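The structure appears below as C-alpha cells.
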Amino acid sequence: MSEELKKEEKSLNFLEEIIEDDLKNGKYKSIVTRFPPEPNGYLHIGHASSICLNFGLTRKYPGYTNLRFDDTNPVTEDTEYVDSIKDDIRWLGFEWKNERYASDYFDTLHGYAIKLIEKGLAYVDDITAEEMATLKGTPTEPGKNSPCRDRSVQENLDLFARMKAGEFPDGAMTLRAKIDMAHINMLMRDPILYRIKHAHHHRTGDKWCIYPMYDFAHGQSDSIEEITHSICTMEFVPHRELYDWLIEKLEIYPSHQYEFARRNINFTVTSKPNLLQLPTEKFVPGWDDPRMPTITGLRRRGYTPDSIREFCDRIGIAKRDNIVDVGVLEFCVREHLNKIALRRMVVFDPLKLVITNYPGGEEMLPSENNPEDPAGGERLIPFSAELCIERDDFMENPPKKYFRLAPGQMVRLKSAYIIRCDEVIKDEKGEVKELRCTYIPESKSGSDTSGINVKGTLHWVSFPHAVSLEIREYDRLFKVEDPSDEEGDFKDYLNPASLKIVSTALAEASLAKAVFNERYQFIRKGYFCLDKDTSASRLVFNRTVTLKDGWSKEAKKG
RNA sequence: UGACCCAUGGUGUAAUGGUAACACUACUGAUUUUGGUUCAGUCAUUUAUGGUUCGAAUCCAUAUGGGUCAACCA
C-alpha cells in the first residue's frame with residue numbers, strides 16, 4: 001500500500017511537478033486552469049486528453065477549472081458547437097467552475113488595445129494583407145517596417161476609434177503591436193491585434209465590427225480570469241514570447257503558459273480541417289457517426305466516459321511527438337465493458353440446428369447476466385428443438401485444434417446442453433443448410449451428470465423465440481496509420497469496410513427489452529449498445545468493440 | 001539553411017547524478033460452460049560521438065533524426 005502510494009507520487013507528469021513546486025514554494029495557494037475550445041467544431045479524443053488534464057489537475061490539487069470559449073472569430077463559430085462542447089465535457093464527467101467567453105471580455109480587450117496605443121506600443125496599419133506579408137520577411141530574413149509604423153498616438157487613437165465605428169470595410173486596416181520587424185520570432189514582428197470583420201457574432205451580435213486576434217485574446221482572457229497554469233499544445237510554444245510580452249506591457253495578472261504534445265492516435269484524423277470535411281462532405285452522415293473520433297461519436301459507439309478517462313490517464317502527457325496505438329483505447333473500453341456489460345446471446349449468421357431427440361415443447365434455462373459480477377443475477381432463456389448457431393461455428397472438415405461443431409463432434413451449448421452433430425443437410429448447391437444433432441439430457445447446465453468433457457462452448461438462440469436485430473459492425477475509419485502523412489488527399493485512405501451492416505442477426509428473446517445506455521456483451525462476439533436509429537419495428541445495435549480473438553490468430557497459423 | 005521544441009522496447013509513459021521500470025502489444029503456459037476474463041511467465045529499450053564525474057538515460061558540447069514557425073485562423 002505504502003509502496004503503491006510512493007509509486008503514485010513518483011510518477012508525476014511534468015505539469016504536476018511544476019504545480020507541486022509552485023504550491024510548495026508558495027507561489028500559489030491554489031491553482032486555476034481552463035479548457036479553451038473554439039466553438040467551431042466538435043470535441044474529439046484529442047480534446048479529451050486536454051479536458052482530463054485541465055480538469056484532472058484541479059481535482060488533484062486545490063483550485064478550479066473554467067470553461068472558456070475562444071470565440072474571437074465570428075465567421076466560423078456557432079452556438080451549435082457551444083452546446084455540443086458543454087454536453088461532451090459533462091458526459092466525460094467534468095464540471096467547470098465558470099462558463100466564460102472571450103467575447104465577454106471584448107470591452108476590456110478594447111481598453112487594453114487603447115492602453116497599448118497610448119503607450120506607443122500599437123499602431124493602426126492600412127497596408128494590404130499582401131504588402132504586410134511581404135514586409136514580414138521570412139524565418140531567415142528580417143522584415144521591414146510598415147510605412148504606417150510611425151503614426152502619432154493621436155492619429156492611431158483616432159483611426160482605431162473609426163475602425164471600431166465601422167467606417168472601414170473588412171481588411172482595410174488592422175491594429176498591430178509595435179515590437180520588432182527584425183525579431184527572430186516571426187510572431188514578434190508587429191503581430192496583428194485587431195482586424196475588421198463586419199460579421200454577426202453568436203453572442204455579441206452586431207455590436208462589434210473589430211475582433212481581437214487569438215494572441216490578443218487568449219492570454220488576456222487567462223489574465224482576467226487569473227488562470228495560473230494556461231496549458232496548451234506544443235505549436236503554441238513560439239506564441240509564449242508574445243503572450244508574456246503583452247501581459248508585461250499591459251501590466252496585468254501574469255498567467256503562464258505551459259505546453260504539452262498533442263496526442264495522436266493511429267488510423268484516424270483529429271486535425272480540425274480534416275475532421276470537419278468528413279461530416280460536411282458526407283463521408284460520414286454526421287459528427288456523431290460511431291466511426292468518428294469525436295466524443296459524441298465514441299459515445300454513440302458505446303464507449304463509456306470511464307474508459308475514455310482511463311485511456312487519457314494511461315497514455316499520459318509529455319512533450320514529444322507521439323502516435324498512440326488505437327489498441328490502447330480498445331483495451332480500455334474492453335476492460336470497463338467486461339465489468340459492466342450484460343451477457344446476451346446473438347447469432348449473426350444463423351445456421352439451423354435441429355435437436356432430433358428433444359421431446360418437443362420448450363424449457364426456460366437460467367443464464368448469468370455477467371460472470372464478472374455475482375450480484376448481476378440471471379435471466380431465463382428459452383430452449384427448444386429448433387435452434388440456430390453461428391455458421392462459423394460449424395466446419396465439415398475441421399482443422400486441428402478446432403473446438404467447435406463438426407460431424408460427429410460434441411460441443412456445449414452455453415447454459416444448456418451438450419450436443420453431438422449427427423447429420424449435415426445440404427441444399428442443391430452443396431451449401432450446408434441444416435444440422436441434425438442429438439442432445440445429452442443429463443448434461444444440462446448446472447446439473448451435468450454426463451461426465452462428458454467438451455472443449456467448445458457455442459452461443460445459440462431458439463429459432464421460434466428469436467428476435468431479429470440489425471447490427472452495425474464498425475472498423476477503423478482509415479486503412480493507414482497516419483492518413484494525413486500519406487501522399488495526396490487523406491480521404492483517399494478511408495477504409496471502405498469501416499461499416500458492415502448485419503441484417504440477419506437473431507437474438508435471444510430478452511433483447512427485445514433492450515434499453516439505451518445499457519451495455520451488452522453478445523457472447524463470443526463483442527460489446528454492443530442500442531443505437532438511436534432504433535425504432536418500434538427495428539432494433540439497431542452498434543458494435544463498440546470486438547472481443548479479443550485468440551482463435552483467429554490460431555487459425556491463421558494453420 | 002535561421003530560430004525554437006523534441007529524442008528511453010513495436011507503442012505510450014516513468015526513472016529528477018546511484019540496479020533502466022510500468023502499461024499496452026506480441027509470444028508461452030495454466031484456469032475457464034465466452035478460443036472472452038483471470039493467473040503465471042517470455043521477448044524486447046536509453047539516436048550517435050565526445051566531455052564532466054567514483055558513477056550519466058539524466059549535466060555539457062557537437063552531430064543526426066523528427067516536429068514547429070513566414071493565416072487579417074485558433
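Side chains are part of it too, since the values below use all heavy atoms of this structure and drop only hydrogens, waters and symmetry mates. Quick caveat, the model's predicted, so the values are computed rather than measured. Just so we're on the same page: letters track the sequence lines, and every chain starts at 1.
Summarising the geometry, atom CG belonging to A:Leu458 is positioned 11.5 Å from atom CD1 belonging to A:Ile523; distances are rounded to the nearest 0.5 Å.
Between A:Arg240 and B:C4 there is no side-chain N or O to OP1 or OP2 distance below 4.0 Å. Dashed line: the shortest gap from a side-chain N or O of A:Lys197 to OP1 or OP2 of B:C73 is under 4.0 Å. One finds a side-chain N or O of A:Thr72 lying less than 4.0 angstrom from the OP1 or OP2 phosphate oxygen of B:A74.
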Per-nucleotide protein contact along nucleotides 31-45 of chain B, 5' to 3', at a 4.0 Å heavy-atom cut-off (B base, S sugar-phosphate only, - neither), is --BBBBS--------

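A residue-by-residue look at A:Asp325 and A:Asn73 shows that A:Asp325 has its nearest nucleotide of RNA chain B further toward the 5' end.
Taking atom CD1 of A:Ile85 as the reference point, atom P of B:A74 lies 15 Å away to the nearest angstrom. Rounding to whole angstrom units, CG of residue A:Asn185 and C1' of B:U68 are separated by 11 Å. In this structure, OH of A:Tyr243 is placed 15 Å from C1' of B:A74, rounded to the nearest angstrom. Rounding to whole angstrom units, CG of residue A:Leu187 and P of B:C72 are separated by 11 Å. Here B:A15 presents its C1' atom at 15 Å from CG of A:Asn13, a figure rounded to the nearest Å. Rounded to whole Å, the distance from CD1 on A:Ile184 to P on B:C5 is 13 Å. Computed from coordinates, the A:Phe260 CZ to B:A14 P distance equals 13 Å when rounded to whole Å. Atom CZ in A:Arg263 sits roughly 9 Å away from atom P in B:G12 (whole-Å rounding).
Counting any heavy atom pair closer than 4.0 Å across all strands shown, A:Ala129 reaches a base atom. Note on A:Ile192: a base of the nucleic acid sits closer than 4.0 angstrom, heavy atoms only. When heavy atoms are screened at a 4.0 angstrom cut-off, A:His239 is found touching base atoms of the nucleic acid. Base engagement by A:Ile127 is indicated by at least one non-hydrogen atom pair under 4.0 Å involving a base atom. A:Phe236 comes within 4.0 angstrom of a base, heavy atoms only.
B:A57 and B:G9 are spaced 14 Å apart, taking the P atom of each and rounding to whole Å. B:A26 and B:U11: their C1' atoms are spaced 12 Å apart (whole Å). One C1' atom belongs to B:C27, the other to B:A44, and the distance between them is 11 Å to the nearest Å. For the P atom pair drawn from B:G18 and B:A23, the interatomic distance equals 23 Å after rounding to whole Å. Using atom P as the reference point in both B:G12 and B:G51, the two lie 32 Å apart (nearest Å).
Of the N and O atoms on the side chains of A:Ser367 and A:Arg343, not one donor lies less than 3.5 Å from an acceptor on the other residue. Side-chain contact check for A:Arg344 and A:Asn369: at least one donor-acceptor pair (N or O, by modelled atom type) lies under 3.5 Å.
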Applying salt bridge (charged side-chain N to carboxylate O under 4.0 Å, His left out), run through A:Glu372 and A:Lys339 and close with a yes or a no. CA-CA 6 Å; A:Glu372 305 294 315; A:Lys339 290 194 192 105; over 6 Å; no

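Among A:Phe541, A:Phe528, A:Tyr520, A:Phe522, the single residue meeting the side chain to side chain contact (heavy atoms under 4.5 Å, CB included) criterion with A:Val346 is A:Phe522.
By the 30° and 60° cut-offs, the orientation of the rings of A:Tyr101 relative to A:Phe69 is parallel.
Consecutive pairing runs in RNA chain B reach the stem threshold at B:2-7 with B:64-69, B:10-13 with B:21-24, B:26-30 with B:38-42, B:47-51 with B:59-63, where a stem means at least three Watson-Crick or G-U wobble pairs with distances under 3.5 Å.
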